[in-house]
Protein chains: 2
Amino acid sequence: MQTLSTEDYLKAIYHVSQSSSGAVATTSIAKQIGAKPSSVTDMFKKLSDQNLVKYQKYQGVSLTNEGVKTALRIVRKHRLWESFLVSHLNFNWDEVHQVAEQLEHIQSEKLTNELERFLDYPTHDPHGDPIPNRALFMKTYSKILLTELPVNKEGVCIGVKDNSSGFLRYLDRRQIGIGTTLQVLHREDFDDSLHIQAGKSTLMITKKTAENIYVKP
Amino acid sequence: MQTLSTEDYLKAIYHVSQSSSGAVATTSIAKQIGAKPSSVTDMFKKLSDQNLVKYQKYQGVSLTNEGVKTALRIVRKHRLWESFLVSHLNFNWDEVHQVAEQLEHIQSEKLTNELERFLDYPTHDPHGDPIPNRALFMKTYSKILLTELPVNKEGVCIGVKDNSSGFLRYLDRRQIGIGTTLQVLHREDFDDSLHIQAGKSTLMITKKTAENIYVKP
DNA sequence: AAAAATATTTAGATTAAACTAAATTTTTAA
DNA sequence: TTAAAAATTTAGTTTAATCTAAATATTTTT
């Protein structure tokens, strides 16, 4: 049986490996988890003993098939709970993360599957991230960053890269959310800032903001 | 901040102190928690340092006001989650305990209060136990054991003393549940067994069964 | 290609929660 | 009211997850 902590590490390894190629480095997990690299090394060894990761000294880790499955089971629970909090318990999309971090560790297959049924088999969570189904399969539809959307072409916001509540609240203030229609009106060469149409209003956003918003063209 | 384990101990102390008078003995908690008495002593000291219990060597513990509050907050969460599992996630009343044991430790006041609102402020859980409200107050209406119900007087089943899934499934098979109308038709002097009317059917139950069923006359 | 910087691992210590075995206190019974 | 039994505590150990500091390996820069 897994302790909470090994689950946290597996999830972190999964997320880091999604947003970069090759093996996952000790330091990247240390940053993600908020632990010292030496603690991460210890855990890499433990996970390796359990055949959840492939580990070679000084070369980082990669998840085994079993490790991916375990990680996806946690991601599934995390995203289902986030969906529930927003759809039924009046949570805002910037408030759900911390609570879902706890709920994702609850062990009960029946609970997870019944929650999924109760929510009517959602495919995406409140941040636009796909929810693995019972077979741990998820549809990842093609998406591009707002920085890559050609000028004057319309797109729909379908997700965010940065899930921090600071960024999400900022988007709320700008009235940008999942489903908002976006269009780049002008790209400023000087500082890469963008003039955009967001729903009915026009506004200016920085490059940094734009590269944390996913759109479907 | 409390660890999971101190919460478990506080809840155990609360429950034991409800069903007996005076201080709570080390052994009774050891049995309840499934730990060795020496571990319980260690925890008693820790809880005492945090002013959650009053502890005197060899004399057991009693909860302080703060300790009672903390215990009631956990009981509140436990019973709200049990209610949710039964009312919305197709759990049977004998299946909820283990999962609620995990869910009761989730830390988020907003979650608890929103769950309560979502359930429309339930006053009792699926086993008939009262749910503390936001102010940690609960109505404990007067109830008697089925063994104390006078012969030929009608009563309604409003709870059970033994919450084990074995007993609950036994009651399911006998078609006895919360709300079932019960009436003692005959008390057998020889072995204290009871002939009862339960809803539309008559059946025989042992003394042991009867003294685990609460009724409202 | 050597030196410097960075990343990673090892060794040893710490903390919380448990344990066993032995010692002590309290309770029960003769 | 002692002796025996039961309950409780103490002392010392274990385990999992962390840490710091030192050692080692890898990568980058000159």
Side-chain angles (χ1 to χ4, degrees), chain A residues 1-14 16-17 19-63 67 70-71 74 101-102 104-105 107, chain B residues 1-14 16-17 19-63 67 70-71 74 101-102 104-105 107:
Chain A
M1 194 195 188
Q2 245 105 242
T3 63
L4 288 198
S5 218
T6 62
E7 293 194 348
D8 291 332
Y9 276 88
L10 286 174
K11 197 179 64 150
I13 295 167
Y14 175 79
V16 171
S17 68
S19 57
S20 65
S21 62
V24 172
T26 309
T27 327
S28 60
I29 296 303
K31 258 182 217 138
Q32 182 90 1
I33 295 259
K36 300 293 165 191
S38 55
S39 310
V40 175
T41 300
D42 285 350
M43 190 54 85
F44 279 2
K45 286 179 192 164
K46 184 162 310 177
L47 293 173
S48 181
D49 290 345
Q50 300 179 245
N51 283 309
L52 294 165
V53 302
K54 208 160 68 82
Y55 170 55
Q56 286 199 107
K57 262 198 198 180
Y58 295 103
Q59 305 304 315
V61 290
S62 58
L63 292 171
T70 308
I74 302 160
E101 289 279 292
Q102 300 177 62
E104 72 189 7
H105 297 297
Q107 317 255 222
Chain B
M1 192 196 191
Q2 245 107 240
T3 63
L4 289 197
S5 218
T6 62
E7 293 193 349
D8 292 332
Y9 276 88
L10 286 173
K11 198 179 64 152
I13 295 167
Y14 175 79
V16 171
S17 69
S19 57
S20 65
S21 62
V24 171
T26 308
T27 326
S28 61
I29 296 303
K31 257 181 218 140
Q32 181 91 359
I33 294 259
K36 300 292 165 191
S38 55
S39 310
V40 175
T41 301
D42 284 350
M43 190 55 84
F44 280 2
K45 286 180 191 163
K46 184 162 310 175
L47 293 173
S48 180
D49 291 343
Q50 299 178 246
N51 283 308
L52 294 165
V53 303
K54 207 159 68 84
Y55 170 56
Q56 286 199 105
K57 263 197 199 182
Y58 296 100
Q59 305 306 313
V61 291
S62 58
L63 292 170
T70 307
I74 302 160
E101 287 280 294
Q102 300 176 63
E104 73 190 5
H105 297 296
Q107 317 256 218

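In what follows, every chain begins at residue 1, and chains take the letters A, B, ... in the order their sequences are listed.
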Rounded to whole Å, how long is the line connecting atom [atom1] of [X] with atom [atom2] of [N]?
{"X": "Ile29(B)", "N": "dT9(D)", "atom1": "CD1", "atom2": "P", "value": "12 Å"}
{"X": "Gln59(B)", "N": "dA7(D)", "atom1": "CD", "atom2": "C1'", "value": "11 Å"}
{"X": "Asp49(B)", "N": "dT15(C)", "atom1": "CG", "atom2": "C1'", "value": "15 Å"}
{"X": "Phe44(B)", "N": "dA18(C)", "atom1": "CZ", "atom2": "P", "value": "12 Å"}
{"X": "Lys31(B)", "N": "dA7(D)", "atom1": "NZ", "atom2": "C1'", "value": "11 Å"}

Pairing residues for Glu104(A) by the salt bridge (Lys or Arg N to Asp or Glu O under 4.0 Å) criterion, not counting sequence neighbours: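 Scan of Glu104(A) (salt bridge (Lys or Arg N to Asp or Glu O under 4.0 Å), adjacent residues dropped) gives Lys11(A).
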
Item to complete: Would you check if the side chain of Ser17(B) reaches a backbone N or O of Tyr14(B) as a donor-acceptor pair within less than 3.5 Å?
Response: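 Pair found, side chain donor or acceptor close to backbone of Tyr14(B).
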
- For residues 30-56 of chain A, pull every pair meeting ring-ring contact (aromatic ring centres under 6.0 Å, His included), keeping only residues two or more places apart or in separate chains.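 The answer is Phe44(A)-Tyr55(A).
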
(message) Lys46(B): which residues meet the side chain to side chain donor-acceptor pair (under 3.5 Å) condition with it, sequence neighbours left out?
(response)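 By the side chain to side chain donor-acceptor pair (under 3.5 Å) rule, Lys46(B) matches no residue at all.
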
Taking only N and O in the side chain of [X], is any of them less than 4.0 Å away from OP1 or OP2 of [N]?
{"X": "Tyr58(A)", "N": "dA23(D)", "answer": "no"}
{"X": "Lys45(B)", "N": "dT10(D)", "answer": "yes"}
{"X": "Lys57(B)", "N": "dT26(C)", "answer": "no"}

Once side chain to side chain contact (heavy atoms under 4.5 Å, CB included) is applied, do any residues pair with Ala23(B), and if so which ones, sequence neighbours excluded?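 Residues passing side chain to side chain contact (heavy atoms under 4.5 Å, CB included) with Ala23(B): none at all.
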
Could you pull out all residues at least two apart from Glu7(B) that satisfy side chain to side chain contact (heavy atoms under 4.5 Å, CB included)?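 Side chain to side chain contact (heavy atoms under 4.5 Å, CB included) check on Glu7(B) returns Gln2(B), Ile74(B), His105(B), Gln107(B).
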
With sugar-phosphate taken as primed atoms, P, OP1 and OP2 and all else as base, the protein-contact string of nucleotides 14-20 of chain D at under 4.0 Å (heavy atoms; B, S, -) is --SSBBB

* Asked: With sugar-phosphate meaning primed atoms plus P, OP1 and OP2, does Thr26(A) contact a base, only sugar-phosphate, or nothing at under 4.0 Å between heavy atoms?
  ->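 Sugar-phosphate only.
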
